[in-house]
Amino acid sequence: MNKNISLSKYRIPYHVAVIMDGNGRWAKKKGKLRIFGHKNGVQSVREIIEAAAEIGVKVLTLYAFSTENWSRPKKEVDTLMTLLASSLKKELKSLQKNNIQLRAIGDLINLPKQARKELEEVIKKTASNDRMILNLALSYGSRNEIVNAVKSISKKVVNNELKIENIDKKTINNHLYTFSLPDVDFLIRTSGEQRISNFLLWQIAYAELYFTETLWPDFRKQDFYDAISEYQSRERRYGKISEQIKKHE
Ligand code: FPP
């Protein structure tokens with residue numbers, strides 16, 4: 001809690017999303033196996049959750065496992081899933097203490113039994129917490145999410161529950177995994193890669209993007225505050241001109 005004092009409490013992004021990248025490279029640089037990077041990445045996850053809650057972020061979405069990640073070597077996938085299950089079990093107490101609600105988005109049906117069980121349990125037990133929503137993207141792919149939304153909407157049209165002319169942006173939004181959450185305000189990606197990698201394509205339409213060279217296991221509280229500070233220096237115009245925005249601030 002040092003430099004965050006200089007952050008404006010009036011311009012805290014409501015919804016922050018993070019692509020946690022670089023665990024493997026971090027481990028390799030240290031001459032270790034990739035999984036060593038994932039294990040150390042868990043401490044960054046902990047710190048960023050704490051930092052986000054402390055400054056008043058209301059929704060934090062973390063890209064923990066993509067649909068594409070299933071094609072990694074089986075051993076890495078298995079270890080990641082075990083790590084997820086054990087972290088959830090371990091962190092329940094701290095989520096309760098900090099009044100944080102856990103949610104998850106993605107094709108959760110594909111998660112191994114143990115990971116799903118822990119996930120469901122923590123989701124249930126934290127359901128009434130209301131300081132911040134921690135939203136884990138697991139077995140998540142934005143294109144899959146959109147395909148599923150199109151299917152559900154089409155079904156409603158076929159069953160005469162919905163008229164084609166009534167389909168609008170809200171309809172699409174309401175059929176995404178994130179239907180109850182607001183758009184992303186700020187997207188952070190670590191490790192120097194400047195891509196979106198099939199993450200929240202619809203939801204980041206107006207998000208500010210932030211890329212840092214720092215590898216995920218090195219991305220800690222102060223790095224998060226630095227990112228938020230950069231967010232606060234940006235002007236979000238939503239297609240308008242500067243003067244129109246200033247008038248309303
Ligand atoms: C990206 O690094 C990281 C992941 C695919 C997994 C992130 C998982 C954790 C930080 C641990 C468990 C999560 C929770 C929520 C407790 P990478 O493997 O793609 O690294 P590389 O790009 O250097 O190869």
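In listed order, ligands and their atoms are each counted from 1. FYI, the numbering just counts along the sequence from 1.
At least one side-chain heavy atom of Asp218 sits less than 4.5 Å from a side-chain heavy atom of Trp26. Side-chain contact between Pro217 and Asn23: present, with at least one pair of heavy atoms (C-beta onward) separated by less than 4.5 Å. Here the side chains of Val59 and Met132 are not in contact, with every heavy-atom distance at 4.5 Å or above. Annotation: side chain of Arg195 is in contact with side chain of Arg189 (closest heavy-atom distance under 4.5 Å). By the 4.5 Å heavy-atom criterion applied to side chains, Thr61 and His15 are counted as neighbours. Side-chain contact between Tyr14 and Val57 is absent, with no heavy atoms from C-beta onward closer than 4.5 Å.
Between Gly41 and ligand 1, no pair of N/O atoms sits closer than 3.5 Å. Considering backbone and side-chain N/O atoms, Arg34 comes within less than 3.5 Å of an N/O atom of ligand 1. Close N/O approach between Asn23 and ligand 1 is found [any backbone or side-chain N/O within under 3.5 Å]. The distance criterion of under 3.5 Å between nitrogen or oxygen atoms is met by Arg25 with respect to ligand 1. Where the criterion is an N or O separation shorter than 3.5 Å, residue side chain and backbone included, Arg72 meets it with respect to ligand 1. Looking at Trp216 next to ligand 1, no N or O pair under 3.5 Å apart turns up.
Of the listed options Leu136, Leu138, Asp21, Leu136 places a heavy atom closest to atom 15 (C) of ligand 1.
Counting only heavy atoms of the protein, atom 1 (C) of ligand 1 lies nearest to Met20 O, 3.0 Å. Scanning the protein for heavy atoms near atom 20 (O) of ligand 1, the closest one is Gly24 N, 3.0 Å. The nearest protein atom to atom 12 (C) of ligand 1, hydrogens excluded, is given as Val42 CG2, 4.0 Å; this is a heavy-atom distance.
Ring geometry for Trp70 against Phe65 counts as perpendicular: the plane angle is over 60°, on a 0 to 90° scale with 30° as the lower cut.
Contact annotation: for Asn69 versus ligand 1, heavy atoms closer than 4.0 Å belong to the side chain alone.
A salt bridge does not link Lys124 to Glu120: none of the charged side-chain nitrogens sits closer than 4.0 Å to a carboxylate oxygen.
Within the 4.0 Å heavy-atom cutoff, Ala64 counts among the residues contacting ligand 1.
Close approach of ligand 1 to Ser87 (heavy-atom distance below 4.0 Å) involves ligand atoms 16 (C). Within the listing of ligand 1, atoms 11 (C), 18 (O) sit less than 4.0 angstrom from a heavy atom of His38.
Under a 3.5 Å cut-off, the side chain of Ser66 and the backbone N or O of Gly141 do not form any donor-acceptor pair.
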